[in-house]
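Below is one structure; the comments refer to it alone.
Every number for a ligand or one of its atoms is a count from 1 in the order of the listing.
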Amino acid sequence: MEAPVIAIVVPCYNEQQALPLCIGQLKQTLNDLIVSGHISPRSFILCCDDGSTDDTWETIKTYHASDSSIKGLSLTANRGHQNVLYAGLMYVAGRCDAAISIDADLQDDPRAIGTMVEKFKAGADIVYGVRKDRKSDSWFKRFSAKRYYALRRHLGLDSIPDHADCRLMSRRAIEYLSEYGEHNLFLRGIVAQLGLSADTVVYDRRPRLAGKSKYTIGRMLGLSIDGITSFSSRPLRLILLTGVMLLLLDIAMSIYVFISYFGHDVIPGWTSIMLSVWFLGSIMLIGLGVLGEYIGKIYVEVKQRPRYQIKETLND
Ligand code: UDP
Ligand code: MG
């Protein structure tokens, strides 16, 4: 096999402080792999500026002027990590044999790149970067991530625990990803659904090179909601189930209300209010649940996700 062309895709939002260190380390890693013949000399780094308001784009331009293997792409406005990463992957599609996405703060160890390439050469279409040690993340981040991935598993959704968006994707994996046209992106969820051969590389999560985290609590919450609502309509079905359970409870409640009514004195009006509150409540939830069933179907249709993607054909 000829040495593969590798593209390193780096999403950058206001990363002027981290970029020089980041580019230096990534360039060094690429050079080592090129010199040892593991990857093609045509391999490159693509820095994707997500509408930064600081000198991120100027910094990328300066590096590109002196080294054409450091390429750039700039969005007109801040579209968020998932969108800029998608833009970068679509840009390198057809220009490389595999792309590796890594954050500009290099919290994910660039030494994993070499191992990812090895596993790609051994036949993996996707190699997930998995964080072994997350001591550099806050207690809250670790705890919420753990609970969140447990919830996703509970809903029957695939995910690789402790994998964010640092991963290698083969040309084929990127092509398959491009068939997903949805707007509420949760890339790690889609990639896990592709069903291509996958492997993992484990490393310690490091502190940020420089600058501050761009993921506020609000953004994190938004991403986690997308991670569920973009993949599962089960929460809608839960409304219907709750309605049906309430109706069963309503039957038991009605028996109790009638026994009280005939058995001893109750305040006038109590019986009719109790009967109607329970009955109307459950009927309304069931009604909402039925609407939910239809909305769930519409939701699947509007996504227009690919129906299937071919793994292999035998054609001779
Ligand atoms: N990022 C981006 N657009 C955004 C927010 C973040 O491109 O709107 C990039 C950021 O520059 C970094 C990566 O996404 O390269 C991950 O962000 P960060 O390190 O701030 O998140 P954390 O690691 O704290 O979750
Ligand atoms: Mg980070």
Closest approach of any protein heavy atom to [atom], naming residue and atom:
atom: atom 8 (O) of ligand 1; answer: R219 NH1, 2.5 Å
atom: atom 18 (P) of ligand 1; answer: R208 NH2, 3.6 Å
atom: atom 17 (O) of ligand 1; answer: Y215 CD1, 3.7 Å
atom: atom 15 (O) of ligand 1; answer: P11 O, 2.7 Å
atom: atom 24 (O) of ligand 1; answer: S213 OG, 2.5 Å
atom: atom 14 (O) of ligand 1; answer: H81 CD2, 3.2 Å

Residue-level breakdown please: for [X] versus ligand 1, do any non-hydrogen atoms fall below 4.0 Å on the side chain, on the backbone, on both, or on neither?
X: C12; answer: backbone
X: Q107; answer: side chain
X: D103; answer: both
X: N78; answer: side chain
X: Q82; answer: neither
X: M220; answer: neither

Does some side-chain heavy atom of [Y] sit less than 4.5 Å from a side-chain heavy atom of [X]?
X: L168; Y: I126; answer: no
X: D108; Y: Y203; answer: yes
X: F231; Y: L155; answer: no

Quick test of your reading of the structure: of R205, K212, K214, whose heavy atom lies closest to atom 6 (C) of ligand 1?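 Looking at heavy atoms only, the winner is K214.
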With a 4.0 Å cut-off on N to O distance, would you call D50 and R79 a salt bridge?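 Salt bridge absent between D50 and R79.
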Does this structure show an ion pair linking R305 with E179, if we count only N-O contacts that are shorter than 4.0 Å?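 Here R305 does not pair with E179 in a salt bridge, since their nearest N and O are not under 4.0 Å apart.
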Validation row, ring centre H81 to ring centre Y215 under 6.0 Å: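 They qualify: ring centres under 6.0 Å apart.
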Could you check whether R208 and Q107, counting side-chain N and O atoms only, form a donor-acceptor pair closer than 3.5 Å?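 Per modelled atom types, Q107 and R208 side chains form no pair under 3.5 Å.
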Have N315 and T313 got a donor and an acceptor in their side chains that come within less than 3.5 Å?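 Looking only at side-chain atoms, T313 and N315 do not form any donor-acceptor pair under 3.5 Å.
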Flag yes if M220 and L85 sit in one hydrophobic cluster, no otherwise; membership is Ile, Leu, Val, Met, Phe, Trp, Tyr, and two members link when side-chain heavy atoms are under 4.5 Å apart.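 Same cluster: M220 reaches L85 through Ile, Leu, Val, Met, Phe, Trp or Tyr contacts under 4.5 Å.
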